[in-house]
Amino acid sequence: MSISLSTTSAPGPLLLRRTAAITDDEFRELRDFIYAKCGIWVDEKRKYLFENRFGKRLGELGLKSFGDYLRLLRHDPGRDKELQLVFELVTTNETSLYRDLKQLDGFKTHILLPLLAEQRKAGRLEINIWSAGCSSGEEPYTLAIMLHEELGVDIRRWKIQITGCDLSPAMVAKARAGIYADYAFKTTPETIKKKYFTVVKDGLKVAPHVAALTSFSVLNLNDILAVKRIPKSHVVFCRNVIIYFDDAMKKKVVGSFYENLAPGGFLVLGHSETLHKISSAFRPKFISGAVAYQRI
């Protein structure tokens with residue numbers, strides 16, 4: 001999952017004039033409110049994107065100002081439902097199946113295969129993986145397919161749980177459905193596409209034996225108590241998420257990952273993300289041009 005107020009959504013002058021203007025104080029209040037709720041930090045230079053993305057919602061609610069909207073978010077009986085819409089407006093979910101093939105190959109060679117061998121040797125045929133910020137489910141399904149490819153029919157003897165979590169209820173619903181359009185397969189090997197997906201009315205649907213390895217739920221990474229309920233993991237994937245947090249939130253979330261991981265477990269981040277100056281509780285491991293972090 002990527003979380004951002006993307007500059008590609010920048011409105012033209014006419015659109016800006018149709019939306020409610022946001023004052024500097026209102027921007028800071030709304031930004032701080034969102035940060036307190038989910039840890040996403042929005043820079044002040046993105047102020048005009050608040051006007052674009054939230055202005056339409058103000059019109060739908062019949063509100064005249066962002067101050068009115070803030071009061072609704074704080075005091076209205078339906079504020080919890082509205083907050084979910086806020087999360088939709090501040091998150092951009094861009095992903096695909098088999099995203100970043102080089103990193104996945106490195107993960108398979110340097111982490112997954114040694115982990116499977118270690119579990120076999122110990123007589124523990126069990127693998128738990130947490131996909132934190134799973135967006136619409138492409139990453140968890142990719143990992144499930146990789147395990148099917150490596151284990152073959154022997155997978156029936158294994159206890160495998162891939163837990164996908166995302167802030168957006170809409171994305172979690174899509175993940176559970178497991179149906180994807182052609183765009184989601186832009187980096188997927190054709191053999192994988194044919195082997196593990198079937199044609200349905202709205203696209204291609206993931207095979208039941210792949211879906212059986214996964215579960216999906218809505219999760220706010222800023223909610224420490226909810227995070228603690230995630231099953232202990234051998235690997236945590238959190239790609240292209242923490243880059244949009246400030247340092248305080250990064251430390252909080254990475255600390256939660258550390259607590260969730262089994263000793264020696266791995267944290268896999270996106271290429272542009274690092275634990276430098278964030279945590280010294282992990283040992284970096286180079287995997288084919290990428291870096292993963294092993295719990296010390």
Side-chain angles (χ1 to χ4, degrees), residues 1-95 132-136 165-174 217-227 238 240-256 278:
M1 177 185 75
S2 296
I3 298 179
S4 67
L5 288 172
S6 172
T7 55
T8 59
S9 299
L14 290 177
L15 182 57
L16 274 175
R17 284 197 291 268
R18 293 192 191 106
T19 60
I22 186 169
T23 68
D24 290 342
D25 287 344
E26 288 171 339
F27 168 77
R28 284 190 287 269
E29 282 190 62
L30 182 55
R31 178 200 57 194
D32 293 348
F33 177 84
I34 292 170
Y35 176 75
K37 292 296 183 181
C38 66
I40 297 173
W41 180 257
V42 182
D43 192 87
E44 290 196 20
K45 63 185 178 182
R46 304 296 192 205
K47 173 185 169 183
Y48 71 95
L49 289 169
F50 267 38
E51 291 182 328
N52 179 24
R53 294 196 175 187
F54 287 96
K56 182 180 178 181
R57 183 58 184 155
L58 266 62
E60 292 170 348
L61 293 169
L63 301 176
K64 295 182 179 180
S65 72
F66 281 85
D68 291 340
Y69 190 55
L70 278 159
R71 281 187 284 275
L72 181 148
L73 289 172
R74 289 185 174 122
H75 307 298
D76 191 88
R79 60 187 178 274
D80 289 343
K81 184 176 181 180
E82 185 63 29
L83 186 59
Q84 296 302 322
L85 292 177
V86 169
F87 293 158
E88 300 289 342
L89 290 172
V90 298
T91 57
T92 298
N93 296 277
E94 181 181 345
T95 186
C134 72
S135 187
S136 44
C165 300
D166 198 85
L167 180 65
S168 165
M171 289 299 103
V172 169
K174 185 174 179 181
S217 63
V218 176
L219 179 72
N220 185 339
L221 290 174
N222 200 30
D223 187 341
I224 296 299
L225 291 178
V227 168
C238 187
N240 307 310
V241 176
I242 70 167
I243 193 173
Y244 299 107
F245 296 150
D246 67 355
D247 284 351
M249 182 63 182
K250 285 178 182 177
K251 290 176 181 178
K252 180 178 181 179
V253 170
V254 169
S256 295
I278 300 302

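Count residues from 1 along the sequence. These numbers were taken from a predicted model, which means no experiment stands behind them.
The side-chain heavy atoms of Tyr35 and Met249, taken from C-beta on, include a pair separated by under 4.5 Å. Residues Phe66 and Thr23 form no side-chain contact, since every pair of their non-hydrogen atoms from C-beta on lies 4.5 Å or further apart. Leu221 has its side chain within reach of Val241: a pair of non-hydrogen atoms, C-beta onward, lies under 4.5 Å apart. Under the 4.5 Å side-chain criterion, counting only non-hydrogen atoms from C-beta, Ile34 is in contact with Val86.
Smallest separation of non-hydrogen atoms from Asn220 and Cys38: OD1-CA, 3.5 Å. In plain terms, the two heavy atoms of Ala21 and Glu51 that are nearest each other are CA-OE2, 3.3 Å. Residue Gly67 comes nearest to Glu26 through the heavy atom pair N-OE2, 3.1 Å, listed as atom of the first residue, atom of the second, then distance. For Ser256 against Ile224, the heavy-atom pair with the smallest separation is OG-CD1, 3.3 Å.
Expressed to the nearest 0.5 Å, how far NZ of Lys174 lies from CE of Met171 amounts to 6.0 Å. Going from atom CD1 of Ile22 over to atom CG of Leu70 covers 7.5 Å, rounded to the nearest 0.5 Å. A distance of 4.5 Å separates CZ of Phe33 from CG of Leu73, quoted to the nearest 0.5 Å. Rounded to the nearest 0.5 angstrom, Asp223 CG and Lys37 NZ are separated by 10.5 Å.
Taking the side chain to side chain contact (heavy atoms under 4.5 Å, CB included) definition, one finds that Leu61 meets it with Arg57, Leu63, Tyr69, Leu72, Glu82, sequence neighbours left out. Looking at residues two or more places apart in sequence or on another chain, you find a side chain to side chain contact (heavy atoms under 4.5 Å, CB included) between Ala170 and Glu88, Ser168. Evaluation of the salt bridge (charged side-chain N to carboxylate O under 4.0 Å, His left out) rule for Asp25 yields Arg28 as partners, not counting sequence neighbours.
Here the options are Val172, Val227, Asp166, Leu167, the test is side-chain contact (heavy atoms from CB on, under 4.5 Å), and the partner is Leu219; only Val227 passes.
Under 3.5 Å, the side chains of Asn222 and Lys252 contain a donor-acceptor pair of N or O atoms.
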